[in-house]
Amino acid sequence: MTIRVAVIGAGVMGADHARIISSEIPGAELHCVCDADQTKARGAADATGARNVSQDPLATIEDKEVDAVLIASPDDTHAELTLASLRARKPVLCEKPLSQDVAECLRVLQAENTLGKRLIQVGYMRRFDPPYVEMKDRSTRDGIGAPIMMHNFHRNVSAPPNFTGQMAITNSAPHEFDIATR
Ligand SMILES: NC(=O)c1ccc[n+]([C@@H]2O[C@H](COP(=O)([O-])OP(=O)(O)OC[C@H]3O[C@@H](n4cnc5c(N)ncnc54)[C@H](O)[C@@H]3O)[C@@H](O)[C@H]2O)c1
């Protein structure tokens with residue numbers, strides 16, 4: 001069985017997801033790369049051998065030849081595109097955050113609950129990262145007990161030019177919230 005995947009957003013993350021899907025995931029086929037910028041879509045498709053490119057994310061999600069969707073476009077597009085994937089009843093890996101707005105996150109979760117099927121995964125990879133898994137194991141298995149305080153650092157080489165102070169909470173801190181609630 002081959003799962004035909006569409007990657008939406010072919011920037012830093014999307015291009016890497018496209019590379020991984022096309023070269024490292026058995027049973028997955030990179031069916032389409034979609035980006036609002038056609039040059040980026042074409043560049044990622046050429047680099048990965050994807051057959052199709054698109055500039056229209058909603059049409060890409062509805063495409064009958066697409067089985068699953070990976071959303072790596074900017075944060076403010078995630079909820080709308082995830083809802084469209086649910087309407088099409090397609091599994092979706094949405095890069096974090098699901099939305100920049102709590103009420104909108106809840107609307108997306110409500111839509112998934114109404115379908116009665118788990119179709120959404122959000123790109124929280126730290127929960128699979130061995131040092132984090134070890135930290136969790138030590139606090140439970142080794143009897144250290146529940147942490148009472150967290151002190152987080154997040155270091156990047158540089159912040160993207162469009163990164164605002166508010167995004168420290170809506171874009172970056174969700175990784176911390178995710179591991180704290182695992
Ligand atoms: N899981 C993680 O650790 C992690 C790390 C970095 C970024 N991210 C998330 O991944 C997403 C993408 O980040 P990035 O650094 O790759 O950004 P980026 O700016 O490099 O890429 C975004 C791409 O989306 C395209 N785009 C914009 N609007 C679009 C639309 N409506 N439809 C289709 N394409 C559209 C842009 O042309 C661009 O090529 C962000 O939501 C970010 O929060 C997650």
Side-chain angles (χ1 to χ4, degrees), residues 5-22 24-25 30-48 50-63 66 68-88 90-102 104-105 107-109 120-133 135 150 152-182:
V5 183
V7 169
I8 298 175
V12 176
M13 293 303 285
D16 204 38
H17 280 298
R19 179 190 63 74
I20 291 167
I21 290 164
S22 63
E24 294 184 26
I25 313 279
L30 182 60
H31 181 77
C32 179
V33 178
C34 170
D35 197 292
D37 178 338
Q38 193 179 14
T39 309
K40 285 194 172 179
R42 174 49 64 197
D46 287 349
T48 55
R51 262 188 288 148
N52 305 290
V53 293
S54 161
Q55 283 181 274
D56 182 340
L58 294 175
T60 301
I61 291 167
E62 284 161 20
D63 183 344
V66 168
V69 180
L70 194 149
I71 300 170
S73 44
D75 297 4
D76 62 359
T77 66
H78 291 183
E80 181 198 358
L81 298 180
T82 302
L83 284 169
S85 303
L86 290 181
R87 278 197 301 279
K90 294 183 183 175
V92 52
L93 171 56
C94 179
E95 266 304 344
K96 55 84 198 151
L98 189 54
S99 164
Q100 298 164 306
D101 175 78
V102 174
E104 191 171 48
C105 280
R107 277 199 295 281
V108 177
L109 295 185
I120 306 170
Q121 185 170 15
V122 183
Y124 292 125
M125 68 295 182
R126 292 187 192 176
R127 52 175 80 176
F128 306 108
D129 190 337
Y132 282 102
V133 172
M135 183 171 68
M150 284 179 71
N152 298 297
F153 288 89
H154 185 114
R155 292 192 181 90
N156 279 9
V157 176
S158 61
N162 59 345
F163 199 89
T164 62
Q166 184 176 328
M167 285 170 73
I169 300 301
T170 65
N171 175 281
S172 181
H175 273 305
E176 268 70 55
F177 302 150
D178 177 61
I179 57 127
T181 54
R182 293 299 298 163

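Order of appearance sets the numbers: ligands from 1, and atoms from 1 within every ligand.
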Any nitrogen or oxygen of Gly123, side chain or backbone, less than 3.5 Å from one on ligand 1? yes

I need the nearest protein heavy-atom contact for atom 7 (C) of ligand 1: residue, atom name and distance, please. Met13 CG, 3.3 Å

Would you say Gln55 contacts ligand 1, with heavy atoms under 4.0 Å as the rule? no

Where's the contact between Ala72 and ligand 1, heavy-atom distance under 4.0 Å: side chain, backbone, both or neither? backbone

Do any heavy atoms of His175 fall under 4.0 Å from ligand 1? yes

Which protein heavy atom lies closest to atom 44 (C) of ligand 1, and at what distance to 0.1 Å? Glu95 OE1, 3.0 Å

Between Asn156 and His154: side-chain donor-acceptor atoms closer than 3.5 Å: yes

Interatomic distance, Asp75 atom CG to Thr170 atom OG1 [nearest 0.5 angstrom]: 6.0 Å

Under 4.0 Å from a heavy atom of Pro57: give me the atoms of ligand 1 that qualify, with their elements. 32 (N)

Which part of Leu81 is near ligand 1, with near meaning a heavy atom under 4.0 Å away: side chain, backbone, both or neither? neither

Going by a strict under-4.0 Å cutoff (protein heavy atoms only), does atom 19 (O) of ligand 1 have a neighbour on the protein? no

Could you say whether the N/O atoms of Pro97 and ligand 1 ever approach to under 3.5 Å? no

Atoms of ligand 1 less than 4.0 Å from Thr77 heavy atoms? 31 (N)

When you compare ligand 1 with Cys34, is there at least one nitrogen or oxygen pair between them that comes in under 3.5 angstrom? no

Identity and separation of the nearest protein heavy atom to atom 17 (O) of ligand 1: Val12 N, 4.6 Å

